[in-house]
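Scroll down for the structure; my scribbles are underneath it.
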Amino acid sequence: MQDDIIKGLNDQQREAVLHKDGPLMIVAGAGSGKTKVLTTRIAYLMGHHHIDAFNILALTFTNKAAAEMKERINKILGSGEARNLYIGTFHSVFAKILRAEAHHIGYPNSFTIYDTDDSRSVIKQVVKDLNLDDKLYKPNIVGSRISSAKNGLISPAEYLNDYHIMQEDARQNRPMTGKIYEMYAARCYKNGAMDFDDLLFKMHEVLVRFPQVLHKYQHKFKYVMVDEYQDTNATQYAIIKLLAAANENICVVGDDAQSIYSFRGATIENILQFQKDYDNVKVVKLERNYRSSGTIISVANEIINNNKGQIPKELWTEAPVGEKIKLVRVLSDNDEGHYVADAIKEQKLRNHYSNKDFAILYRTNAQSRAYEESLRRLSIAYKIYGGLSFYQRKEVKDFIAYLRVVINPNDDEALKRIVNYPVRGIGKTTLEKAATIANQRDMPLYNVLKAAASLGLKGATLESVQQFIQMIEYFQSMLAKSNAYDVAFQVGKHSGLVKELFNDKTQEGVARYENVQELLNSIKEFTETPANIEDGEVGDRGLATYIQDIALLTDADNDKEDADVVKLMTVHASKGLEFPCVFIGGMEETLFPSGMSINTREELEEERRLFYVAVTRAKEKLWLSYAQSRYRFGQLTANDASRFLMEIPSIYLDKTMSGGGARNHMGGGFGSSASTSAFERLHGGRGGGFDGPVRKKEPEKPAYIGPKPTPKVVEHQPSANFVPSDTSKLQIGMVVEHLKFGFGQVMNLEGAAHNPIATINFKSNGEKKIMLNYAKLRIVE
DNA sequence: GGGGAGCCGTTTTTT
DNA sequence: ACGGCTCCCC
C-alpha cells in the first residue's frame, strides 16, 4: 500500500520522494507537482520508513499551505497519524515553541504578538520620546529598516556597531534609526511583546544561547522540510540550519523563478548558500508542468529567460498547445474593466465556464476598482482578496485589545487602545501623565495606572482609573476557571463595548456591531472545538490560546474556496493558485513593472519573476491587457505598454483592441514570426493597426451602482423657539433638543465637574456622548 | 467627544 | 481619487 503512493509520480518526483536521509533540494518549477512531492515524501517517510510523525517538521509560509499539506497527507495515509506531524507556518511553529521557551530570554510565555500596526505605533511613540522629527523618521520607513535588520539577524547592538548600516542611515539623513531600533526592542521587551519578525529573531536567539533547548528540538525534529524555500530570509535559514544540524535530514523545496518577496527580506542567496553549506546536497529538478497549456508554458519560459542568473531549467508539458494568449489594448482603466467583464460573460456563455474559473490579477490593489464596477454592472459575482482583514477592523481590534490586556496587562499598545474606549473619563491628560511616569521608571502603563493614587490623581479621574483596573482584574480572575468565550462575553458586557456599538444605529455602526458578534461567534466556535491533540501537544481552550492563535491568522485562512465567484487579487496573492482563465491587467510601464522597481537589475528581475508567476497561474486561457491611459493618484496618466510584452514572441499572441465597448479584432496582417515582438507589432507599425477606429468617448463617469450610503447624521431642523438652556441643570431622564442631532433623552451624566459629559439617546441618531461645555442643548422637559 | 476642513502620501506584504 | 491624520470648533 505504501509503495502504491509513489506509482503516480514521474521519475524526478519519485527520485525526490525516495531520497530519505541527507540534504535534499528540490527545484520545483511552477505547476510541477511540488506539493504532491512534499506530501508524498512525508507520507512515505512515515509509511515506508516508519519515521514517527512526531519527528517530522514541515514549515510553510501560509496557514493555508500548511492546512492543505496536512489534509493531503492525511488522505494518503488514511490513519489520522498526520495530526501528529509538526506542520505550520514559520511564525506559528516558532510562536508555539517560544510559548514553551521564551522564559529563557526573559519573556513571559504568554507574550503578546504585535501586528504591524502595534509595531508602527510603538515606533511612533519612540520617535516622539526621542524628540525626533516625525516627518523624517516615519514609522513605515523606520519600521521596515528594523524589520530588515531582524530578518538579517542583526540585533540592535550589532546594528549600532555596523559601520555600513550606520553610514547608510546617515546618508539617508536618519542617523538615529539604530537608536530607535534599540529603544523599540527594549519597549517591546518591557511590554512582553514580540512582533512578527521577533518570532523568528527570538527563536534563533533561544536556540543559539541555550544549547539544551537546541538539542531538544534537534532531537525532536529528525526530518525537516521547508516549502517555498526561495522566500526564506537569512534568519529563517539560520534557524532551520540549526534545527537540522544534528541529523542533516533537511529537504527544501522552492523555485528561484518565483521569488517575489525580496522586499520582505527573502533572499535567493539561501539557495546558493544551501549548496555551499552542505557538500552532499542532492538536487532534483521538477520541470514537467501539469497545469498549463503548451502556449502558456512557452510564454512563461520566454519571459523568465530574460532574467540572468537563474538556476538553469525549462518547463515542459505534454499538454496540447491550446489557445493563443489574448493581448488587449484598451483606452482606459474603466475600459479595461468593461472588456474583462464582457469577456467573462462571453466565456461563460460560450464555453460553459463558471465564475470560479476566472481570476483577475493586477500589480496594485488600487486597480481592483474598475473591475469591480464592471462586474457589478453585469451582475457577475466576485470576491476581492486582500485588503483589510477581518482582524484589522477597528472594532475587532478594539475587542481583541481588551482580551490582550486581560492576558498580558503589560501590553501598552492594547491598553492605550481601550483605556478610554468606551469613554470612561480617562482622557489624554491623564494618559500623558501616566506615560511620562512609565517612561521615567521604565515600567508598563498598567502598573502606573494601578498606582494612580500616588500619581496625584484625584476625584472623578482617580475613580475612573480605579474602576478600570478593577474591571480588568475581574476579567483576569475569570481566566483560571473559564473558557475563552465566557471571558470574552463578560469583557464585551462589562466594558460597555458591545453596548456602545449596539447603540450606534448608522449603517457603519450596525456593521461594526455585527463584526463584533461574529468575533464572539468565532471565539465560541474555538471554545467548542474539542481540545484536540495537535502537533503533539495538548491544546487548551483558554483565552490565552485563542489570542495566540488569531494573532497569526489572516483572512485567507477563513476563506471558503468553493464559492462560485470571480477572484480578484494582486499577483503576489495569487502565488500557489491556479485558474482555468486568467486576466492580467495593467500591463504598462511604471505599473507592471512598477515604477518603483526599475532602477536596478535586481528589482527589475523580481518584477519579471512576478510576471512569470502571474502567467503560470493560468491553465487554459490567458488575457493580458494594457490601457493607453488610466487614473493614478487622481491624475489621468498615459503609459507605454509594458516592456514585458515585448518579451513575448508574436506567434503566441492574438491581438485585440477595445474601444469602449466596440471590440475590434486585429487580424494578423503583420509579420508574425517568432522574432517579432508584440511591441513592434503594436507600436512599430506605420499607421496601421492600433491607430484604427478610435471612437470619441464621452467623458464617462459610471453611474453609482448599489445602495447609496446613508448619511452619517440625520439632519435636524432646530425648533423656532430654540434657546440653549443652562446645562448644569441637566438631569438623567430629561428630554433635550440638540441643534444638529435633534431630540433625545439624557441617559447618563459623567466626566469631571469642569468637563461634564452627557450620554444622550437621540431619536434619529442613536446614542452620543455630548460635552456640555460646548454643545448647545435646549431642555424640553 | 466628534464632525468638518485641509494636508499628505499613496507597490507588492504569505506572518 | 481617496483614506488617514491633525487641527479646530461646537
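Here is how names work: the chains are called A, B, and so on, in the same order as the sequence lines, proteins then strands, and each is numbered from 1.
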Worksheet item: Given Y631(A) and S332(A), is the side chain to side chain donor-acceptor pair (under 3.5 Å) satisfied, shown in steps?
Response: CA-CA 8 Å; Y631(A) 278 95; S332(A) 66; over 6 Å; no
Worksheet item: Is the F592(A) ring parallel, tilted or perpendicular to the F611(A) ring (thresholds 30°, 60°)?
Response: perpendicular
Discussion item. Of the options dT14(B), dT11(B), dT12(B), whose atoms approach the side-chain atoms of S597(A) most closely?
Written reply: dT11(B)
Worksheet item: For S594(A) and E228(A), take the nucleotide of DNA chain B holding the closest heavy atom to each; which residue's nucleotide lies nearer the 5' end?
Response: S594(A)
Item to complete: Please check the phosphate of dT13(B) (OP1 and OP2 only) for any side-chain N or O of T570(A) closer than 4.0 Å.
Response: yes
Discussion item. Taking any heavy-atom pair under 4.0 Å as a contact, classify D198(A): base, sugar-phosphate, or nothing.
Written reply: nothing
Item to complete: Round to a whole Å and report the spacing from CZ of R264(A) to P of dT11(B).
Response: 17 Å
Worksheet item: Of all the choices, dC5(C), dG1(B), dT12(B), which nucleotide is nearest to the side chain of V423(A) once you look at every atom?
Response: dG1(B)
Item to complete: Please check if the distance between the ring centroids of H572(A) and Y261(A) is under 6.0 Å.
Response: yes
Fill in: From dT14(B), dT13(B), dC5(C), nucleotide with atom closest to F61(A) side chain
dT14(B)
Worksheet item: Roughly how many Å is it from CG in N503(A) to P in dG1(B), rounded to a whole number?
Response: 17 Å
Worksheet entry | F263(A) atom CZ: more than 12 heavy-atom contacts under 6.0 Å | yes
Worksheet entry | Whole-Å distance separating the OH atom of Y261(A) from the P atom of dT11(B) | 16 Å
Worksheet item: For K138(A) and L199(A), take the nucleotide of DNA chain B holding the closest heavy atom to each; which residue's nucleotide lies nearer the 5' end?
Response: K138(A)
Worksheet item: Contacts to DNA chain C from residues 627-637 of chain A, heavy-atom cutoff under 4.0 Å, which residues?
Response: F633(A), G634(A)
Worksheet item: Roughly, in whole Å, what's the span from CD in E606(A) to P in dT13(B)?
Response: 13 Å
Practice prompt. Look at the side chain of D640(A) and the backbone N and O of E589(A), then say whether any donor-acceptor pair between them is shorter than 3.5 Å.
Written response: no
Item to complete: Grab the CG-C1' distance between L577(A) and dT14(B) for me, whole Å please.
Response: 11 Å
Item to complete: Answer yes or no: does a side-chain N or O of N140(A) lie under 4.0 Å from OP1 or OP2 of dT10(B)?
Response: no
Practice prompt. To the nearest Å, give me how far apart CD (E373(A)) and P (dA1(C)) are.
Written response: 13 Å
Worksheet item: Angle class for the Y237(A)/Y229(A) ring planes (parallel below 30°, perpendicular above 60°, tilted otherwise)?
Response: perpendicular
Fill in: Donor + acceptor pair across side chains of N140(A), R120(A) (<3.5 Å)
yes
Fill in: ring centroid sep under 5.5 Å plus plane angle under 30, F263(A) with dT13(B)
no
Item to complete: Could you tell me the separation between the CG atom of D333(A) and the P atom of dA1(C), rounded to a whole number of Å?
Response: 12 Å
Worksheet item: Does OP1 or OP2 of dT10(B) have a side-chain N or O of N365(A) closer than 4.0 Å?
Response: no
Worksheet item: For the side chain of R363(A), counting heavy atoms from C-beta on, which of dT11(B), dT14(B), dG1(B) is nearest?
Response: dT11(B)
Item to complete: Evaluate whether atom OH of Y421(A) has more than 12 neighbouring non-hydrogen atoms of other residues, nucleotides or ligands under 6.0 angstrom away.
Response: yes
Fill in: Separation of dG3(C) P from Q392(A) CD (nearest whole Å)
16 Å
